[in-house]
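Residue numbers begin at 1 in each chain, while the letters A, B, ... track the order of the sequences.
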Amino acid sequence: MLNSTLIGALPCTLAAPPPPPKMEINSMPEALQLHAQTLKSGKTQQKSLTNIFTFSALSSNGDLTYARLILHSIPSPNSFHYNTMIRAYSRSPDPIKALHFFLYMARNSPTRPDKFTYPFVLKSCARLGLSHQGKQLHGACAETGALSVGMRVHEVVKEQRIGLKAHVSTALIDMYVKCGCIESARRVFDEISVNKDVYSWTAMIAGLASHGKCEDAIDLFNQMQELSIKPDERTMTSVLSAYRNAGLVSEGYRFLKTMHKKYGVWPTIQHYGCVVDLLARAGHLSDAEELIKKMPIKPDGVLWRTLIWGCKVNKDMNRAERLIDHLKSLKMDSNDDCGNLVLIGNVYASAGKWLDKARTRELMNKRGLVKPPGASKIEIDGAVHEFIVGDSDHPEAEKIYAKLDEIEEKLREEKYQPKLHEVLLEVDDEEKAFQLSHHSEKLALAFGLIKTNPGTEIRIVKNLRSCEDCHAFMKVISKKYHRDIIMRDRIRFHHFSNGECSCKDYW
DNA sequence: CGTGAGCACT
């Protein structure tokens, strides 16, 4: 509540100036009409065009056709226009276009990339796992736009990374983390000694946690405390995610309980989500369910799915089915629909309830929902190759399948048993083995083995979580072929080396 | 005139 006496006592000269008039646009058709009018009026009004353009770029929901069209009608686009476009692409379903546009800006326009541009394009690299391009951008950051305030160019050239602005460094750390290059991320972090703020710390802690380097993450959090840098909500999430990935149940639970008292941050749904996952995965299903019911925040779809997935992992089908019935009875955001039904179908299938699974499938068809197919990407010499499950479209498909045959032969020598239970289809074992062998990450791996020199690290980015068979497969290959494999799945990283995985099979 | 920036839960 505002103190009205105090407000009344303020001299009127201190009143805030009225906000500058802004063109009010409420819908895309309105924006397009205004655009047409502005053009017809003859005088090209840069300011009006800018407003219309900004609106269409920000409200595009991924379709940036109009924004581009409008941008073309702006007589002399400035860096703000380019940056707005790049930002919109970097958040769109097709972030590669942010890089295309960046290249266009850098090569064909008099406008230079600046301190705003780099975080957007780095974000695109992070989302796509483009380490090659990300590294090149790292070098390019030495251009003026990314410099620290007060730094002179020759100082920056001498100590490039130290001259980076904190937010650019954070974007770099995040890019390296999400591209699987945790050591590079750490180097950037260690070298920004003067500019580290809570965001850089959090990005690094979250990165270490996602790579399964949980002790390092906690160490860093402690160092941060010693320097009296105040952690925020996201820092708390990163620390909890370190406990989660390490399976440190009591530590994580205690942290959640004491975080407000110790750090002044009230737990949010993300924090509860982390701990529910931690408890559920470790088999403490009752405690996890209890926590959801007792927490002061309304649980969302993510939280219920986390718990149900925990039931599936721990094979508690009674609880799973009870929770599924509960989930079905809830009014959910339609965004949750697809995720809910995919999970429910998986749970039924893994319990051998084929009829229920078929019904779930029908329901999805009726609602026009499509389960996203598994896809894996691998970067070779800066070019990205993407494989979809069962893919045979790649120009070198024949070689890839021949390589997979060779690998399977080797695995037979090792007495490797395919994890057939991971195939959630009502088919015979031969068909199951066939299905497993065409998972997208295996295709990407075979391609990587063909295309890179012996001993080279192989990095794979997957859109979903890997199945148990692919996980075991990667472990064996890392040993048999003497390759380190770094695989990003939907939520974390696995480093396979000499037959072991950094997650210690806890995921 | 200045607009636009980095890190978190399945």
For this session: Among residues two or more places apart or on two chains, list those pairs meeting ring-ring contact (aromatic ring centres under 6.0 Å, His included) that have a residue in residues 276-327 of chain A.
Result: W304(A)-H326(A)
For a quick test of your reading: what N or O donor-acceptor pairs under 3.5 Å do the side chains of residues 64-72 of chain A make, sequence neighbours left out?
residue : atom : partner : partner atom : Å
T65(A)  : OG1  : D63(A)  : OD1          : 2.3
R68(A)  : NH1  : Y89(A)  : OH           : 3.4

Exercise. For C214(A), what residues pass the side-chain contact (heavy atoms from CB on, under 4.5 Å) criterion, not counting sequence neighbours?
Worked result: A242(A), N245(A), A246(A)
For this session: Would you indicate which nucleotide in dC1(B), dT3(B), dA8(B) comes nearest to any side-chain atom of K47(A)?
Result: dC1(B)
Exercise. With no angle test and no hydrogens, is the base of dT3(B) tied to the side chain of N83(A) by a donor-acceptor pair under 3.5 Å?
Worked result: no
Exercise. Once you round it to whole Å, what is the distance between C1' of dC7(B) and CG of L172(A)?
Worked result: 13 Å
Exercise. Counting side-chain heavy atoms from C-beta on, which of dG6(B), dT10(B), dA8(B) comes nearest to Y199(A)?
Worked result: dG6(B)
Problem set entry | Distance flag, aromatic centroids of W507(A) and H471(A), threshold under 6.0 Å | yes
For this session: Name the closest nucleotide to the Q270(A) side chain, picking from dG6(B), dC7(B), dC9(B).
Result: dC9(B)
For this session: Residues of residues 87-102 of chain A with any non-hydrogen atom less than 4.0 angstrom from an atom of DNA chain B: list those, numerically ordered, please.
Result: R87(A), R91(A)
Exercise. R91(A): what forms a side-chain contact (heavy atoms from CB on, under 4.5 Å) with it, not counting sequence neighbours?
Worked result: R87(A)
Exercise. Of all of residues 218-228 of chain A, which get a heavy atom below 4.0 angstrom from DNA chain B, listed by number?
Worked result: none
For this session: Identify whether NZ of Lys or CZ of Arg in K196(A) sits under 6.0 Å from the centre of the six-membered ring of F189(A) and within 45° of that ring's axis.
Result: yes
